Protein chains: 2
Amino acid sequence: MAHSTVYDVAHRAGVSIATVSRVVNTPDKVNPETRQRVLDAIDALRYIPKAEAAARARKSAGRIGVLAPFFTYPSFIQRLRGVAHALAELPYELTVYNVDNSARHDGYVASVSITRRLDGLILMALPFTQETIQRIVANSLETVSIECAHPAFSSIEIDDAAGGRLVAEYLVNKGHTRLAFIGDSKIPAYAFPTSQRRLNGYQTAIQRAGLSLPDEYISLAEQSMENAARSINQLLDLTTPPTAIFCASDTQALGALKAARQRGVRVPQDIAIIGFDDLDIAAYVGLTTVRQHLEKSGELAVEMLLARLEDRARPIQNVRLNLELVERETA
Amino acid sequence: MAHSTVYDVAHRAGVSIATVSRVVNTPDKVNPETRQRVLDAIDALRYIPKAEAAARARKSAGRIGVLAPFFTYPSFIQRLRGVAHALAELPYELTVYNVDNSARHDGYVASVSITRRLDGLILMALPFTQETIQRIVANSLETVSIECAHPAFSSIEIDDAAGGRLVAEYLVNKGHTRLAFIGDSKIPAYAFPTSQRRLNGYQTAIQRAGLSLPDEYISLAEQSMENAARSINQLLDLTTPPTAIFCASDTQALGALKAARQRGVRVPQDIAIIGFDDLDIAAYVGLTTVRQHLEKSGELAVEMLLARLEDRARPIQNVRLNLELVERETA
DNA sequence: GAATTTTCAGAAAGCGCTTACATGAAAGCA
DNA sequence: TGCTTTCATGTAAGCGCTTTCTGAAAATTC
């Protein structure tokens, strides 16, 4: 028996083909009873929709992809949550491409955009080569980047330097004069040098306040709680240790916080600690940090993507999300 | 510029779409001059017949889908990580279907299994109706379920009751006699009643030890840190408060822990707290908990899926992952 | 130089599916 | 009770492409 089509199913279920299509695509838009009848017919006829025909009629693949180092940096999960929520009611699937080891990164974007048919791509915190961009452009794949701007497509960013300044000003205001910094040294090939930019802003504001940020107060290491713990211990071992530490990420701040407490140092009395990101866990732990609207960034990315998908003539947008310092218990 | 179609080519070459089609499919049925014109246009426009492209892509199109309430219960993110890692080097894409609000759940699983061209599906913690299962089976969509077993397909589970027993035995061993429980009351339609099973095991072991678990020591509420905080406060307000509390999830344990500390109660001296899951954050916070190998479960699911994909004759497997009590600082 | 066959290309009818748009019934509201 | 919403369904207009049908021009006959 040849493969059955919508028509066969519709006929058997005593409905129109439109209803069959709806049952398959937007089940909650059809009456449960009818739906059941149709589903029964589908089963009875072993109906399998022809994906190709569907894609054609729909004029889109109905899929958007997200590329990010999800499991290396927890903040991307929060961004992903925003993406998922924004997409929830929409007829788009969400395909995730995880980039954890830089080895994969290189050819990834290229293959993704070519082989797989996506309607849109969200790129997070990934630096791209010229050819990658050409690839994307050549495939006319609509793209929005988060945390890694490029003139070729829409982007959502934050002002890292401003974030650094925010922290410095806050700390100086609180009367601190010996400010330190814990940040990333080796930036993996698949991530962006945000740490450096935060440091720059931090330094600028410190100097503007008439203070200075000596080299021994800057501790860079590969991002991890363990390294941050090591860093803070070194800082506290100095003859004149700092009284406040700005960590380039919440992950590092968390590592530092734990190490400080283990050492018996009181936070914030003896040492103030400020993070960056405002991960979910920050609120739990009571970490004072710079909030960068992670979830919102994901939602926004989807909105911008869809807007352009609807109307390709729409100009490319570069949004800069604001930052705010969330005062909690560690500084 | 969006991808060009037969129409674009036809227009550019000054012929009808039929001719374009003939050039592509049966070139010798068209006049060489015309053919050349059309071919030139095809090149110029980078025309690729859509269906063909799709078909080609589909031939090697490996996609596997994961369906879970990712953002409601953080443990699924950890499971997802396992899935992503296992898939990392393999030619499969990972599409995530998030099910957070129960409203969608109804026809969702069914439609996913039909509409989307997936090679395999991983179902996490989702209870399914008989019809859903039939549909999946009818579509011969290879499926592995985690935390929600069904004879129709492979599954990965844990023994929740055994986990509960483990905790009770541990606590009793430590000399506790007044044991309490904080668990889930309203289980959303899209989740599984694991809390109840953990409680059962807990209770059994308590009784077996000659103790009892009075009703007022059982506090059920919708899963959230806030509710867990409320629960623990109620428990501590009792005339004879418990000395140990088992929480059905780390999330709840975290909420309880924080509330206890805020109240000035020392953990574990005054009250012992044990969670369940062993989320990443548990290690950070020093939470004693029952580890259920979240990441491993994801990896395993992929392995089992691929094994069956390679050889459909392979029998269905039902794996039960072991649990272990991780002793840290809260009990 | 007509009458014929042959070539070639366009018009148009689908292929199986999606999706406005329209309609009628049921439900809510005054 | 009459009127507006909402919901469920059907009608019909495509999507990009293939293929049959058709006729005009070109090539071939005599």
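First the proteins, then the strands, lettered A, B, ... as listed; each starts at 1. Just so we're clear, the structure is a prediction, and the values are computed from it rather than from any experiment.
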Nearest-Å distance, CZ (B:R35) to P (C:dT7)?
-> 14 Å
Measure from OH on B:Y7 to P on D:dG16 and round the result to the nearest Å.
-> 7 Å
Qualifying residues under salt bridge (Lys or Arg N to Asp or Glu O under 4.0 Å), relative to A:D119, sequence neighbours excluded = none
Is A:R81 paired with A:D280 through a side-chain N to carboxylate O contact shorter than 4.0 Å?
-> yes
Measure the shortest side-chain to side-chain distance between A:V302 and A:Y92 over non-hydrogen atoms and say whether it is less than 4.5 angstrom.
-> no
Nucleotide nearest B:V30 when distance is taken to its side chain, options D:dT11, C:dA9, D:dC17 | C:dA9
Spacing of A:I17 atom CD1 relative to D:dA12 atom P, expressed in whole Å | 11 Å
Whole angstrom value for the distance that separates P of C:dA26 from CD of A:E33 | 13 Å
Taking atom P of C:dA25 as reference, at what distance in whole Å does atom CG of A:N31 sit?
-> 16 Å
What does A:V15 touch in the nucleic acid at a heavy-atom separation under 4.0 angstrom: a base, only the sugar-phosphate, or nothing?
-> sugar-phosphate
Test: A:R63 and B:E93 ion pair at under 4.0 Å = yes
Counting a pair only when it is Watson-Crick or G-U and both distances are under 3.5 Å, which runs of at least 3 such pairs involve DNA chain D?
-> C:1-29 with D:2-30
Which nucleotide in D:dT19, D:dA12, C:dG16 has an atom nearest any side-chain atom of B:A18 | D:dT19
Could you tell me which residues satisfy side-chain hydrogen bond (donor to acceptor under 3.5 Å, both in side chains) with B:R197, sequence neighbours excluded, listed by chain and number?
-> B:D160
Tell me, do A:I64 and A:L118 make a side-chain contact under 4.5 Å, heavy atoms counted?
-> no
Rounded distance (Å) that lies between atom C1' of D:dT9 and atom CZ of A:R37 | 11 Å
Per B:T19 side chain, nearest of listed nucleotides D:dA8, C:dG10, D:dC17 | C:dG10
B:I42 CD1 to D:dG16 C1': how many Å, rounded?
-> 14 Å
Candidate nucleotides D:dT18, C:dA9, C:dG16, ranked by approach to the side chain of B:R22 - the nearest | C:dA9
Grab the NZ-P distance between A:K29 and D:dT9 for me, whole Å please.
-> 13 Å
Within a strict 4.5 Å, meaning less than it, do heavy atoms of the A:L67 and A:M124 side chains meet?
-> no
To the side chain of A:T34, which of D:dC17, C:dG16, D:dT9 is closest?
-> D:dT9
Out of C:dG16, D:dT19, C:dA9, minimum distance to the side chain of B:S21 belongs to D:dT19
